[in-house]
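Indexing begins at 1, ligand by ligand and atom by atom, following the structure's order.
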Amino acid sequence: MEVIISADPESASSRAAKHIARLVRTKPEAVLGLATGSTPLLLYKELIRMHRNEGLDFSRVRTFNLDEYLGLAPSHPASYHQFMWKNFFDHININPARTHIPNGLLSGEDVTKFCASYEEEIRLAGGMDLQILGIGSDGHIGFNEPGSSLASRTRIKTLTRRTRSDNARFFRSENDVPHHVITMGIGTIMEAKEVLLLAFGESKATAVAGAVEGPITASNPASILQMHPAAKFHLDESAASRLEKHDYYRWVFEQKPPWQADA
Ligand code: PGA
């Protein structure tokens, strides 16, 4: 696990975007796992800029989103379908047929069937080359809330009160936040070849400290990333503020040999 502390969310997002752009240039058919929420917005903005100004080509890239609210149609303003098109896909040359977002309009057995087929599609695509993650203030990754099996696969989950309250800002009121979601599992995420987790702001500092320096525990799902061979945490100063070894991570980054220096 590598911890990269940047002065602010802009520079952290720009470092993460450079990393993704390099992957896409080296492997134009790369499979990207995508995240939603406030955290990746600057990252998507920078990738859009690179597409417009530097010709970054997404035409052969395939994407799989982490999660979607159950009960929201793709046209719902707070759905993650809307989020992805508005904040990213509409502004790049992605082939819509190569984008995948869980279907939020299923119920009963269809949810189980869909989750199995989502896993199968990821497998047929060759697995994720790189997974982008945010982190919940409770340590969740995707919508794998505390207590989720660390080996879980794509499935239905019930949101915690805290997550519903954290995400109420995207809805008219907290009551409108769905209780259920479809989310990739922790086992699914862990199979990505690389993971880039982004976290900004004081509200993430405790979850980040637990994930990076605490024990590996289902109580902080992001802590499983300590077991991932290629996970990077891109943090701003506030999100890194509760890390005991803060100075060491900075020093490691500064000491990187030039051939390794890219984030
Ligand atoms: P946020 O959500 O980026 O909106 O803070 C992150 C998450 O819940 O994973």
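- The residues lining ligand 1, counting any heavy atom closer than 4.0 Å, are Gly37, Ser38, Thr39, Gly134, Ile135, Gly136, His140, Arg169, Lys204.
- Using cut-offs of 30° and 60° for the angle between ring planes, the His76 and Phe171 rings count as tilted.
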Evaluate salt bridge (Lys or Arg N to Asp or Glu O under 4.0 Å) for Glu54 paired with Arg49, printing each intermediate quantity in order.
CA-CA 8 Å; Glu54 297 166 16; Arg49 191 198 62 74; 3.1 Å; yes
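- Every side-chain contact (heavy atoms from CB on, under 4.5 Å) that Pro74 has, sequence neighbours left out, goes to His81, Leu105.
- Phe170 and Tyr69 have their aromatic ring centers separated by at least 6.0 angstrom.
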Please tabulate, for side-chain N and O atoms in residues 181-189, each donor-acceptor pair with protein atoms closer than 3.5 Å (sequence neighbours left out).
unit_1, atom_1, unit_2, atom_2, d
Thr183, OG1, Phe143, N, 3.0
Thr188, OG1, Glu119, OE2, 2.7
Thr188, OG1, Gly185, N, 3.1

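- Listed by first and then second residue, the salt bridge (charged side-chain N to carboxylate O under 4.0 Å, His left out) pairs that reach into residues 181-196 are Asp129-Lys193, Arg153-Glu191, sequence neighbours excluded.
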